[in-house]
Amino acid sequence: MREAENDDMIVPQLNASVDDVEDMDIYDSTGRKIAEVEAVVIDGTGTVRGLVIEHGGLLGIGSREAILEIGDVQLKDGRLVVNMTEEQLPSLPEWRK
């Protein structure tokens with residue numbers, strides 16, 4: 001898997017462009033911000049497979065990048081929402097470029 005380089009590419013699951021999705025905040029089901037999108041990840045065929053998210057830490061110090069499967073994310077009222085808690089994020093696979 002690799003990061004999507006075409007900012008105009010549409011992420012069909014979210015009906016938004018890569019540029020629009022990158023840097024969006026991710027919220028848990030209670031409305032609490034738990035992460036931020038760093039990149040959209042595609043497979044060898046160009047199909048969107050997930051999001052690279054940054055979570056944990058403070059002001060970017062001590063944070064971790066992980067892969068969140070695209071099927072685990074929903075766009076609700078203009079926000080990216082997951083059915084996970086912040087405490088569950090460390091169990092996600094780590095992103096390694």
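Computed over heavy atoms, backbone and side chain alike; hydrogens, waters and symmetry mates excluded.
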Quick one: NE2 on H55 to CD on E65, what's the gap to the nearest 0.5 Å?
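Taking NE2 in H55 and CD in E65, the distance rounds to 9.0 Å.
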Interatomic spacing from CE in M1 to CZ in R96 - rounded to 0.5 Å
13.0 Å
Heavy-atom closest contact (G56 atom, S63 atom, distance)
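The answer is O-CB, 3.4 Å.
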Which residues, ordered by chain and number, are linked to V81 in its hydrophobic cluster, where ILVMFWY side chains connect at heavy-atom gaps below 4.5 Å, directly or through other members?
none
Co-members of the apolar cluster containing V11 [side chain, <4.5 Å]:
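M9, L14, V18, V21, M24, I26, I34, V37, V40, I42, V48, L51, I53, L68, I70, V73, L75, L80, V82, M84, L89, L92, listed by chain and number.
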So, using side-chain contact (heavy atoms from CB on, under 4.5 Å) as the criterion, who are the partners of T45 when residues are at least two apart?
D43, T47
Results of side-chain contact (heavy atoms from CB on, under 4.5 Å) for E3 - residues two or more places apart only:
A39, W95, K97
Charged N to carboxylate O under 4.0 angstrom, E54 versus R64?
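Salt bridge between E54 and R64, a charged N being under 4.0 Å from a carboxylate O: no.
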Among pairs that include at least one residue of residues 67-78, which meet side-chain hydrogen bond (donor to acceptor under 3.5 Å, both in side chains), considering only residues two or more places apart or in two chains?
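Non-adjacent pairs meeting side-chain hydrogen bond (donor to acceptor under 3.5 Å, both in side chains): Q74-K76.
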Considering only residues two or more places apart or on different chains, which pairs with a residue in residues 8-27 satisfy salt bridge (Lys or Arg N to Asp or Glu O under 4.0 Å)?
D25-K33
Heavy atoms from other residues, nucleotides or ligands near CD of E94 exceed 12 (cutoff 6.0 Å)
yes
